[in-house]
Each structure stands twice: as structure tokens, then as C-alpha cells.
Amino acid sequence: MNTSRIDSLDKLYLVVIFAFVILLLMPFLITNVLLTDDLARVEEAASFKNITYFPDYLFNFLNTPTMSSRPVSGFFTAIISYLTGFNEKLYYLGYFFFIVSIYFVFKLSQSFTNNIFFSIVSTAIYCLIPIGTSLVFSPLMLNSSLAIIFYCSSLIILIEKKQITSTLFFSMLFFIFSVFSYEVFAPLILLNLLLLKKKRIFYLVGIIGFILIYRQLIGPHVFGNYSQQSNVSQIFQIKRNIIVIFEIIKTLTYDFLLSIYRSFLAIGYFTFYDYWLLFIFNLFTFYYIKKKNISTEFSNQLNIKFNYFIILGVFCATLIYFASNYSPNLFGYDNRTLGALRLYVVLTLSYLLFKTRNRFIIFLVILIFSVSAISVKNAWLYSFKSNNEIFNKIRSHNIPKHENIKMLYVIFDQKNADLQNTFSQQCNKDRNVFFSDSHFILREPMFFETWEGKYYVRRLGLNPDIKIQYYYSKDENKSRPYYLYDLAKDKISIVK
């Protein structure tokens, strides 16, 4: 049996996977769903649209603390942002990169194993698994999708091509592009080194040398607002490292299972469209798995066994949390840093599934994850709907004019502003007004950040002189006087 040959049924199911993802994202495009950082990015595109000369626009866009450290993904994001200034719908071109990254995950799985069935099942799970859900539903996270594309390309070259100087150069180049798209992939260089049969020092020094030259010389001198996202000094904070280890374990066990549980509770919110999507996708999945023979025979040119390699991949994917201010978290927009971990958890899980040689278990896992994907999609849509309702209610009030008041704070329930507790306790209790709602799966992004209000102020024609922020967006004393909007009572008052 030739497990490396792709047949017509394999191609059909691959098409079904891509179609499922596109149909999953389609409601976001139709209803113009924007949350958290995407709101800021679209608003920034609107403010930059007077810069019609693209090179000037590109420099202004890259000359920011976030984008200057990610020049590769920053370049592509700038193109989309520039186009968004002419038509907001074009912002959703960011989803294109996630769809393309799916193909590269498939090709990497194929290179690792030469087993088409394994590769396709891994690809399906990669699209559905509730780890790093922001990578799927946030167009801005094209930076992580680009990093996946370049990282997979870097490994594929090492596995499939003869390791001569020219191929090593392209592998190095793609890895550097991956890091300059999203730095969370940097620790995975250890895996590249394992695949090398020679010139490891040349490969390592070349990559690290170029990254250091950019970070220490090029970036700071070209961009006045240059900033690095990594913080290597964190490695030496033992107490924090212990906390990170527990957070990683909790994220991949309790939080992961909790998200699955909440996904099934949210089935009651499925629409006809959701049920149809779930049924059609899993009908094809069942047929595909039923017709294929499960082979656990993997062949490749790895210098280390595949099972050891992918487990080491999970370990390397967690190293970024010890050398940065990022934290491993399935919840909210914080899960955007889980791209590398998502990839290797998927490969590890797929390997364990294939070792069972049980078609029903493989199908059941894909079914469960497809329910989760649809539930999380609905949770993002619900969060978007909730944000719209907050600002539409604010607009419905005739806010009294007061020349000394320039701030309006939103609190979900004003009684949470009177607690004699720490800021984080007050904040969590107020947010739980929403997150106790069974619509939410992974505390999907709500109106929390300081930069989110500008978009709604412009779109709804609110007074641009008044900044609208969530009451607990910052842990600081409020400068009085200010307007306070109590969502629970739908009431605006003046706090003097």
C-alpha cells in the first residue's frame, strides 16, 4: 500500500476542509465583524488614508512599536491596511493568509511522514482545534499565518531537498522571515538544527547573526519607534518560570477540556446554517475515514524519530513564554501567541490518534473539534453584537454637553465600581457580567482595550471630542470629572 500517493478522495476531502474554513469565516465578512486590535487597525487605516503615496504609507505603518519588530508581516499588513482605507471590506483579505497556511501545514505533515491520510487528518484538526482561536478569526493575525507559512517552508526544504549551500540559504531565509513575521516561532530553530546533517554552526550563526543585526542596528536606526517584543531577561526570573510552567499545563489540560465542554453547551445557539455546515462537513469526514486504510507507517529523512521530534516541538513552542512578556492562555485575544504550540500539539495529537488505529476515535475527535470551531465562531459573533449594542445604546442617549468632560467610561454593572477589592478582582467581577453568559467559550474579545472606542465613535457619528473607554481598561485613578455609562441600568451619569 502506497501511503504517500494522493488520490481523488484525498483531494476531495482537502477541498471540503478548505470549504469548511471559508464558510466558517464568511459571516465575519458579511457582517463586518471587528474586535479588539482589528478595530484599531481599521481605524488607523481610516486615519492614514490621506497618505496616498504607498512608500510613505508603508514607512509610517512600519514605524510603530509593534510593526517595526515584525517587518515581514508588517509589509503585508500595510498593503491590506492601505487598501482598507479605500474599502473596509478589503481588510478581510487577512483571512487569505490563514487559508494559505493550511496548505503549508498539510505539506509539512506530508514531508514529515509521507503518509497522506495522516497529513490530511492533521490538517483538518489544525483548522478546528480550539488552541489559538484568534489566529483563525482575527484578520490581523495574518502575522502568525505568515510565520507558519515561512516556518513550514523552512522545514520542508530541509526534509525534501539535498542539503547543499543554496537550499540551506533558502531554509535560513524562510526561517528569518518567519521570525520577522511573528517572533513566537524563534525558539523552533532548535528543530531546524536537528534536521541538519551538516553545517549546523553556519546555519545557526547565520540566522542569529542576521536577527541581531536587524534588532541592534537596522531596526533602531531606521525606525524611530522601534521596539522589541521579546525580553530575554525573563528567563532568569525563577518564580515567573514556575508560574509559566503551571500555566502551560493548565492551558493544555483543564482550559482545553473546559473549552470543549462549553462548546457543547453552546450548541443550543446554533443556527440552521451552523447545523448544515456541521452535518455536511462531518458527513464527508465520516465517508473519507471509512474509505481509507489507517497506516501508522511513517517514512522520512528526519535525523530523529517523528514522535520524539513533534514532542520536542511542543516543548520548543513553549520556550517563547520564558523569554518574553507573553503568557500561555487559551482565553480572549491573549491566545494569539499560540501559533507554534497549535502546530505541534496538532501533530502530536494526530500521531496519538493514528496509534490507536481506530477510525471511530479519529472521526469523533474531528466531530468534537468541528462543534468547537462553530461554537467559537458564534462566540466571536456574539461578542461583536454585544459591542455594537453597547455603543448604539450610548448613541441613543443625549449626552449632556460639558466642556470640561472629555472621557466616558463604560462599566457593565456600576455596583462593581464600589467594591473594596483590588483592581483585578473588580475587573474580573465586572467582566463576568458577560463571561458567565454561555454564548462565550473562551472569553472572546469584548470592549476592554483603550484603543477600541475610536472606531465606533467615527462609525456611529459620536462626539469625537469624547474618548470612550472601558472603566477597567487601565489600573489607574480616573481624572475627574467624567461620564460613566452603566450598561446594566443603561444610564449615563456625571462623576465629579
Side-chain angles (χ1 to χ4, degrees), residues 69-70 72-73 105 108 112 126 129 131-132 134-135 141 143-148 150-152 154-155 158 171-172 174-196 200-201 203-212 214-215 227-253 255-256 302-330 334-349 351:
S69 63
R70 302 168 185 165
V72 174
S73 61
V105 170
L108 179 62
F112 274 145
Y126 177 81
I129 196 167
I131 294 177
S134 296
L135 311 182
M141 290 314 299
N143 56 5
S144 184
S145 297
L146 276 169
I148 281 283
F150 289 126
Y151 173 71
C152 290
S154 176
L155 287 187
L158 292 181
S171 176
M172 292 165 63
F174 286 138
F175 187 85
I176 291 169
F177 282 177
S178 177
V179 174
F180 283 160
S181 293
Y182 204 19
E183 61 281 350
V184 299
F185 286 80
L188 300 184
I189 191 175
L190 299 176
L191 302 175
N192 290 51
L193 295 176
L194 283 176
L195 297 181
L196 290 171
R200 285 190 174 95
I201 301 298
Y203 192 92
L204 179 63
V205 171
I207 290 176
I208 294 179
F210 187 85
I211 292 174
L212 287 177
Y214 178 81
R215 290 190 169 182
S227 176
Q228 296 186 32
Q229 303 298 318
S230 57
N231 186 359
V232 181
S233 63
Q234 296 278 31
I235 295 175
F236 305 104
Q237 297 185 19
I238 305 301
K239 182 178 179 179
R240 181 183 181 277
N241 291 341
I242 294 173
I243 294 173
V244 168
I245 291 172
F246 280 104
E247 285 180 341
I248 291 170
I249 295 172
K250 178 175 177 289
T251 293
L252 296 178
T253 54
D255 292 345
F256 180 76
L302 299 182
N303 296 336
I304 183 173
K305 287 185 177 181
F306 177 61
N307 54 339
Y308 296 142
F309 188 88
I310 55 178
I311 292 173
L312 184 60
V314 173
F315 170 76
C316 290
T318 64
L319 293 179
I320 190 64
Y321 301 108
F322 297 94
S324 69
N325 294 320
Y326 296 136
S327 61
N329 196 336
L330 284 190
D334 290 341
N335 67 33
R336 68 190 184 278
T337 65
L338 296 176
L341 193 59
R342 177 187 180 106
L343 174 63
Y344 279 101
V345 166
V346 165
L347 291 173
T348 303
L349 177 60
Y351 178 82

Q: Quick one: pull up CG in Leu196 and CG in Asn192 and give me the separation to the nearest 0.5 Å.
A: 7.0 Å

Q: If you take all heavy atoms of Leu188 and Ala340, which pair is closest and at what distance?
A: CD1-CB, 3.8 Å

Q: Report the distance from atom NZ of Lys305 to atom CD1 of Ile310, rounding to the nearest 0.5 Å.
A: 13.0 Å

Q: Determine the minimum heavy-atom distance between Ile320 and Glu183, stating which atoms define it.
A: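 Residues Ile320 and Glu183, closest heavy atoms: CD1-O, 3.7 Å.
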
Q: Can you name the residues that form a salt bridge (charged side-chain N to carboxylate O under 4.0 Å, His left out) with Arg336, not counting sequence neighbours?
A: Asp334

Q: How many angstroms lie between atom CZ of Phe309 and atom OH of Tyr344, to the nearest 0.5 angstrom?
A: 4.5 Å

Q: Which atom names give the shortest non-hydrogen contact between Leu158 and Ser171, and what distance separates them?
A: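 Scanning both residues completely, I find the closest heavy atoms to be CG-OG, 3.3 Å.
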
Q: When you look at CZ of Phe256, are more than 12 heavy atoms from neighbouring residues, nucleotides or ligands closer to it than 6.0 Å?
A: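 Yes, CZ of Phe256 has more than 12 neighbouring heavy atoms, counting only those of other groups under 6.0 Å.
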
Q: How long is the span from the CD1 atom in Ile248 to the OG atom in Ser327, to the nearest 0.5 Å?
A: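 So the CD1 of Ile248 and the OG of Ser327 are separated by 10.0 Å.
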
Q: When rounded to the nearest 0.5 angstrom, what distance separates CD1 in Ile189 from CE in Met172?
A: 8.5 Å

Q: Return the orientation label for the Phe180 and Phe210 ring planes: parallel under 30°, perpendicular over 60°, tilted otherwise.
A: tilted

Q: Testing the basics here: between Ser178 and Ala147, what is the closest heavy-atom pair and its distance to 0.1 Å?
A: OG-O, 2.9 Å

Q: Given the rule in the side-chain hydrogen bond (donor to acceptor under 3.5 Å, both in side chains) test, do Tyr151 and Ser181 qualify, once you have shown the distances and angles that lead to the verdict?
A: CA-CA 10 Å; Tyr151 173 71; Ser181 293; over 6 Å; no

Q: Roughly how far, to the nearest 0.5 Å, is the CG atom of Asn335 from the CG atom of Leu135?
A: 6.5 Å

Q: Any chance the rings of Phe175 and Tyr203 have centres within less than 6.0 Å?
A: no

Q: On a heavy-atom basis, which atom in Gly313 and which in Leu191 lie closest, and how many Å separate them?
A: CA-CD1, 3.6 Å

Q: So do Val345 and Leu338 actually touch side chain to side chain, heavy atoms under 4.5 Å?
A: no

Q: Give a yes or no on whether the backbone of Glu247 and the side-chain of Thr251 come within a donor-acceptor separation of less than 3.5 Å.
A: yes

Q: So which heavy atom on Met141 is nearest to which on Tyr182, and how close?
A: CE-CE2, 3.8 Å

